[in-house]
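As a basis for the values below, the full set of heavy atoms in this structure was taken, side chains included, without hydrogen atoms, waters or symmetry mates. Model, not experiment: these values are computed from the prediction.
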Amino acid sequence: SSGINAEYGQFEVWYHQCVTWSNVSRKLRMYFNGQLMGTKDELLSRFPSGGLLVLGNCVLNWGEHCDVPFSGQLTKVNIFAKELTPSEVREIWTSSTETDVENKQDLKIQISWNDLLKENRNGSIVESVEEVQVKEAATDYRAIITIEKKQQVTAPISARKLDIVTESKMVSVFENFSAKLSATIFVDVVPSSGELIHKESGKTVTVTLPANQGSTVTSLTLSHQLNNVIALDSGHYFFRVTFVDGSIVTSDEMVLRVKQQCRPPATPPNTVLIQEDVPGSDYYQYKVYCQEENQVFLFERETRLICNTTTGSYTSRHSLTPCS
């Protein structure tokens with residue numbers, strides 16, 4: 001395809017991503033869980049030396065962090081001195097995170113995960129060792145009943161796993177705006193009630209279940225809209241659903257980020273002031289453009305101001321340049 005896009009799934013599940021590039025074909029290839037998801041043509045014949053490798057955050061073109069840190073776990077991040085083949089990518093994906101298949105001689109590792117662990121770290125980062133667990137599908141069980149040394153085996157009893165899939169793991173809105181949180185339940189039993197819970201405060205809101213769902217359902221969408229949100233509404237939310245048989249299921253957590261706006265700057269003489277999003281982040285910026293084609297900026301490096309929506313302040317303190 002013309003672009004590359006890999007959709008993420010559940011929390012608490014390991015996923016494998018791999019990006020390859022060849023200076024012969026000049027193509028980027030994106031793999032997700034061992035499968036090729038897309039390709040993209042690149043004009044570069046080689047990557048220039050120098051630069052900065054950052055894990056766990058994105059970096060803007062001008063070197064500033066996006067302040068949108070990765071929340072989760074990373075392991076086995078490796079950079080190879082060759083373009084991996086599809087079969088090699090699949091082999092790494094199918095191997096356990098506890099094995100060292102990437103250290104095979106023919107894979108020509110350039111920068112290893114052990115090398116990266118020796119580098120400096122910033123922020124809330126904890127190194128841990130834990131057993132990787134794989135979520136299991138529904139399983140059939142049989143009960144063996146022994147009475148006076150005689151056994152009776154029952155018919156299979158299906159232990160079905162109820163599942164709730166949140167539609168968005170991260171929701172970002174400005175203060176005093178509305179935020180909608182939603183999740184879809186995949187079940188075949190009728191729920192009796194639903195709630196949305198704010199983890200930090202413990203506040204619980206009753207969610208109205210859709211009407212006319214009948215005696216059985218296969219999927220059900222829960223949603224709740226928070227109006228006029230404020231900074232205290234930020235945090236982690238999850239849905240909790242109770243069924244008629246008394247069972248309770250909770251959804252994955254959703255993060256609500258309430259953004260702060262910066263005070264708009266004054267428009268410099270002979271310019272037009274435009275507000276634009278900053279690609280790849282929740283920040284936005286004010287940029288100035290000269291009103292006339294024959295006009296030029298007085299200060300080329302002062303054509304924009306970037307608003308940090310976490311603090312509601314600008315990332316730099318210079319004034320915007322006028323045109324003349």
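Nearest heavy atoms, Q260 versus T310: CG-O, 3.8 Å. Shown here for L320 and T303, the closest heavy-atom pair between the two residues is CD2-C, 3.8 Å. Between F80 and I109, the shortest heavy-atom contact is CD2-CA, 3.8 Å. In this structure, P265 and L273 approach most closely via the heavy-atom pair O-CD2, 3.5 Å. Listed here is the closest heavy atom pair of F239 and V207: CE2-CG2, 3.9 Å. Across all their heavy atoms, F238 and K199 have their closest contact at CE2-CB, 4.4 Å.
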Stepwise side-chain contact (heavy atoms from CB on, under 4.5 Å) test for Y237 and V171 = CA-CA 10 Å; Y237 289 82; V171 178; over 6 Å; no
request  = Evaluate side-chain contact (heavy atoms from CB on, under 4.5 Å) for R90 paired with Y31, printing each intermediate quantity in order.
outcome  = CA-CA 9 Å; R90 283 194 299 270; Y31 297 85; over 6 Å; no
inquiry  = With ring-ring contact (aromatic ring centres under 6.0 Å, His included) as the criterion, how do Y284 and Y286 come out once you've worked through the C-alpha distance, each side chain's angles and the decisive distance to 0.1 Å?
reply    = CA-CA 7 Å; Y284 66 92; Y286 286 100; 5.8 Å; yes
Evaluation steps, side-chain contact (heavy atoms from CB on, under 4.5 Å), between E83 and R29 = CA-CA 10 Å; E83 181 186 21; R29 290 180 171 84; 3.0 Å; yes
query = Do N176 and Q261 pass the side-chain contact (heavy atoms from CB on, under 4.5 Å) test, and can you show the C-alpha distance, the side-chain angles, and the key distance before you say yes or no?
reply = CA-CA 11 Å; N176 298 320; Q261 292 181 308; over 6 Å; no
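Side-chain atoms of S234 come within 3.5 Å of backbone N or O of V258 as a donor-acceptor pair. Although no hydrogens or angles enter the test, the distance criterion places no donor-acceptor pair under 3.5 Å between the side chain of N308 and the main chain of Y314. For E200 (side chain) and H236 (main-chain N/O), a donor-acceptor pair under 3.5 Å exists by modelled atom type. No donor-acceptor pair under 3.5 Å is formed between the side chain of T271 and the backbone N or O of C323. The backbone N or O of L305 sits nowhere less than 3.5 Å from a side-chain atom of H318 that would complete a donor-acceptor pair.
Q110 is not listed as a side-chain neighbour of K82, based on a closest heavy-atom distance of 4.5 Å or more. You'll find the side chain of T315 stays beyond 4.5 Å of the side chain of Q285, heavy atoms only. Between N270 and P322 there is no side-chain heavy-atom pair separated by less than 4.5 Å. A heavy-atom distance below 4.5 Å is found between the side chains of R240 and I248.
At most 12 heavy atoms of other shown residues, nucleotides or ligands fall within 6.0 angstrom of atom CZ in F299. Other residues, nucleotides and ligands contribute at most 12 non-hydrogen atoms within 6.0 Å of the NZ atom of K203.
Note on L55: it clusters hydrophobically with I111, by side-chain heavy-atom contacts below 4.5 Å among ILVMFWY residues. Using a 4.5 Å cut-off between side-chain heavy atoms of Ile, Leu, Val, Met, Phe, Trp and Tyr, with links allowed through other members, I92 and L36 fall into the same hydrophobic cluster. Put simply, L74 and I79 are part of the same group of oily side chains (I, L, V, M, F, W, Y) that touch within less than 4.5 Å, one to the next. Side-chain heavy atoms closer than 4.5 Å link hydrophobic residues (I, L, V, M, F, W, Y) into clusters, and following such links, possibly through other members, connects V241 to L209.
Interatomic distance, CH2 of W21 versus CG of L28, reported as 8.5 Å (0.5 Å rounding). Considering CG of L226 and NZ of K180, their distance stands at 12.0 Å, rounded to 0.5 Å. Put simply, CD on E195 and OG1 on T204 are 5.5 Å apart, with the number rounded to the nearest 0.5 Å.
For the side-chain contact (heavy atoms from CB on, under 4.5 Å) with H224, the lone residue among T206, L181, V205 that qualifies is V205.
There is no side-chain donor-acceptor pair under 3.5 Å between S112 and N78.
Residues forming a side chain to side chain contact (heavy atoms under 4.5 Å, CB included) with S172 (at least two apart in sequence, or on another chain): M170, R257, K259, D282.
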